[in-house]
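Every number for a ligand or one of its atoms is a count from 1 in the order of the listing.
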Amino acid sequence: MAKKRASKVRAEFRKHHDARTRKKDFTSQASQLDGLDVETAGERMSGKGSLTRRRTLIGAQTADEASGVSILREVDPEKCRPGRVLSVHGLSCRVADDSGIVFRCATRGILKSISTDQRQLVAAGDRVQFQPIAEREGVIERVEPRTQVLSRTSRNKRHVIAANVDQLLIVGSAAEPYLKPNLIDRFLVSAEASGIRPIICINKIDLIDPAELVPLVGVYSQMGYPTFLVSVHRRINLDSLRKLFRGRQTAVAGQSGVGKSSLLNAIDDSLKLRVAEVSAENQKGRHTTTAASLIPFGDGWLVDTPGIRQFQLWDVAPEEVEGYFRDLRPYVSLCRYPDCTHIDEEDCAVKGAVADGRLDLRRYESYVHLFQGDMV
Ligand code: GDP
Ligand code: ZN
């Protein structure tokens, strides 16, 4: 059915270089879009019934906003040291210092009392200042402001899953299961909406002639997305991918079976063991199973949540989709109608760009799918 719609759309393309519409200032529109309040965008309904109850979304947020008050307290640098929260278990958390030593930490009473929601106070991925009080034990004195946040909204309340997620590794496979570029686009939109840097990785290139993927990779690379063709089985390109994890906190997305676990284990062969340890820990405290944990990974950190590898990172309203398509964005302000959806309208600069080859047809069709809320 989706195909039918796409070909109908294609039939409507018309070349039109309209000097009048060109005059509009699209740079200001683009920068406006760049500055979109992702938090606001993230709170909107996705229009997908099944996802609206326990939606997963990501957005920028500071620790201050999470608790509703400032928790940037002065701390004594003599007594405190910087750390990174690996996981949260009720009122205590595991914090790694810069040398990787893990402390079980409580949260300073004053921090708790100023927090309106203790669950929001500290999240996996938070950078903190903590004071060691015994061997492998400490107290968190301060939570640093957050950058990007992975969060989920349920009953209009937002729960932070992980803080300071730097990048999203989007994994697809060249075959078995067959490549779904639309799904990649969907994850790209989610990453763009939350300011998280996407990295595209297409695995299992041993199953096809990699030349087949050159046009697709070209389109993504042109937009500035790092794109890697890899084969875990043949160990192709794993080294170049490994470099990207250094010092970063990375979340992973992609449909099941594309080889995410194989890939992560191949990039860091100590991971397998650690994953097993983490799940054993989760077994003990069932109530913590929705919480994320950070796993040391390839000189950086993997943001691991139960089910994160099947993450549905999607919470963007249809009319916002155009703003998160980097290649489509320059044209949207050139359309005749300011609220043009780029589907049925006359004098649509986006369709014009597709017609004369400036905009990739497949990307345009992908935009239409996402705008119409089709499942990929
Ligand atoms: P996940 O569900 O995304 O975590 O995928 P898995 O890591 O469990 O892998 C799914 C299947 O794909 C397994 O049978 C792997 O052996 C296979 N696989 C992983 N990487 C490759 C690859 O590079 N080439 C081929 N041909 N198969 C692969
Ligand atoms: Zn248009």
Side-chain angles (χ1 to χ4, degrees), residues 9-10 12-18 20-22 24 26 29-30 33 168-180 183-184 187 200-210 213 228-239 241 251-269 271-272 275-276 279 295 297 302 304-312 318-323 325 327-356 358-359 363-365 367-368 371-372:
V9 166
R10 200 175 316 166
E12 290 161 12
F13 291 140
R14 238 183 307 120
K15 293 194 185 206
H16 64 94
H17 288 278
D18 186 337
R20 176 181 49 80
T21 50
R22 277 286 164 94
K24 284 191 209 163
F26 69 85
Q29 167 106 3
L33 287 164
L168 179 68
L169 180 70
I170 301 169
V171 187
S173 62
E176 299 176 18
Y178 61 87
L179 189 61
K180 293 186 178 167
L183 187 58
I184 294 177
F187 284 129
I200 299 166
C201 172
I202 300 172
N203 184 29
K204 308 197 191 183
I205 58 161
D206 52 287
L207 297 178
I208 55 141
D209 175 1
L213 293 176
F228 295 83
L229 296 180
V230 308
S231 165
V232 174
H233 282 190
R234 300 245 176 102
R235 304 196 72 81
I236 299 169
N237 267 338
L238 296 181
D239 287 338
L241 194 57
V252 183
Q255 71 178 126
S256 115
V258 295
K260 294 178 296 301
S261 314
S262 317
L263 180 70
L264 296 173
N265 282 328
I267 286 175
D268 182 342
D269 52 22
L271 183 69
K272 201 165 191 151
V275 168
S279 45
I295 303 169
F297 179 71
L302 193 66
D304 196 30
T305 74
I308 194 163
R309 315 227 174 103
Q310 263 71 258
F311 234 9
Q312 290 297 318
E319 63 274 17
E320 291 165 347
V321 173
E322 62 177 29
F325 266 66
D327 43 353
L328 204 136
R329 207 159 59 185
Y331 302 106
V332 300
S333 64
L334 304 176
C335 296
R336 178 168 173 182
Y337 304 105
D339 57 352
C340 186
T341 65
H342 325 299
I343 294 176
D344 295 321
E345 293 87 343
E346 294 289 308
D347 289 340
C348 169
V350 171
K351 285 195 281 176
V354 179
D356 62 20
R358 282 172 295 153
L359 188 60
R363 280 279 293 173
Y364 171 77
E365 289 176 348
Y367 159 78
V368 174
F371 180 84
Q372 294 175 333

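Short contacts between ligand 1 and Ser256, defined as distances under 4.0 Å to a heavy atom of the residue, involve ligand atoms 2 (O). If you number the atoms of ligand 1 from 1 as listed, the ones under 4.0 Å from a heavy atom of Ser262 come out as 6 (P), 7 (O), 9 (O), 15 (C), 19 (C). Those atoms of ligand 1 with a heavy atom of Asp206 less than 4.0 angstrom away are 22 (C), 23 (O), 24 (N), 25 (C), 26 (N). Heavy-atom proximity to Leu207, at under 4.0 Å, picks out these atoms of ligand 1: 26 (N).
Heavy atoms of Val258 found under 4.0 angstrom from ligand 1 belong to the backbone as well as the side chain. Within the 4.0 Å heavy-atom criterion, both parts of Val232, backbone and side chain, lie near ligand 1. Only the side chain of Asn203 comes within 4.0 Å of ligand 1, counting heavy atoms alone; its backbone N, CA, C and O stay farther away.
With the Zn ion (ligand 2) as the vertex, ND1 of His342 and SG of Cys340 span 100° to the nearest 10°. Rounded to 10°, the angle that SG of Cys348 and SG of Cys335 form at the Zn ion (ligand 2) is 110°.
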Which atom pairs, one a donor and one an acceptor, fall under 3.5 Å between side chains of residues 200-210 and the rest of the protein, sequence neighbours left out?
residue: Asn203; atom: OD1; partner: Val232; partner atom: N; Å: 3.1
residue: Asn203; atom: ND2; partner: Val258; partner atom: O; Å: 3.0
residue: Lys204; atom: NZ; partner: Glu176; partner atom: O; Å: 2.6
residue: Lys204; atom: NZ; partner: Gly257; partner atom: O; Å: 2.7
residue: Asp206; atom: OD1; partner: Ser231; partner atom: OG; Å: 2.8
residue: Asp209; atom: OD1; partner: Ala211; partner atom: N; Å: 3.0

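Here's the thing with Leu263: none of its N/O atoms is less than 3.5 angstrom from an N/O atom of ligand 1.
Between Phe187 and Ala253, the shortest heavy-atom distance links the atoms CE2-CB, 3.7 Å. Contact record, Ala353 with Asp356: O-OD1, 3.1 Å, taken as the closest heavy-atom pair. In this structure, Thr341 and Tyr367 approach most closely via the heavy-atom pair O-OH, 2.8 Å. The heavy-atom pair separating Arg363 from Phe325 by the smallest distance is NH2-CD2, 3.2 Å.
In this comparison of Glu176, Gln255, Lys204, Arg234, the heavy atom closest to atom 11 (C) of ligand 1 sits on Lys204.
Under the 3.5 Å distance criterion, the side-chain polar atoms of Lys260 are matched with a main-chain donor or acceptor of Gly254. A donor-acceptor pair under 3.5 Å is formed between the side chain of Tyr364 and the backbone N or O of His342.
Partner of Cys340 under the side-chain contact (heavy atoms from CB on, under 4.5 Å) criterion, out of Glu346, Lys351, Glu345: Glu345 alone.
Heavy-atom distances between Gly254 and ligand 1 stay at or above 4.0 Å for every pair.
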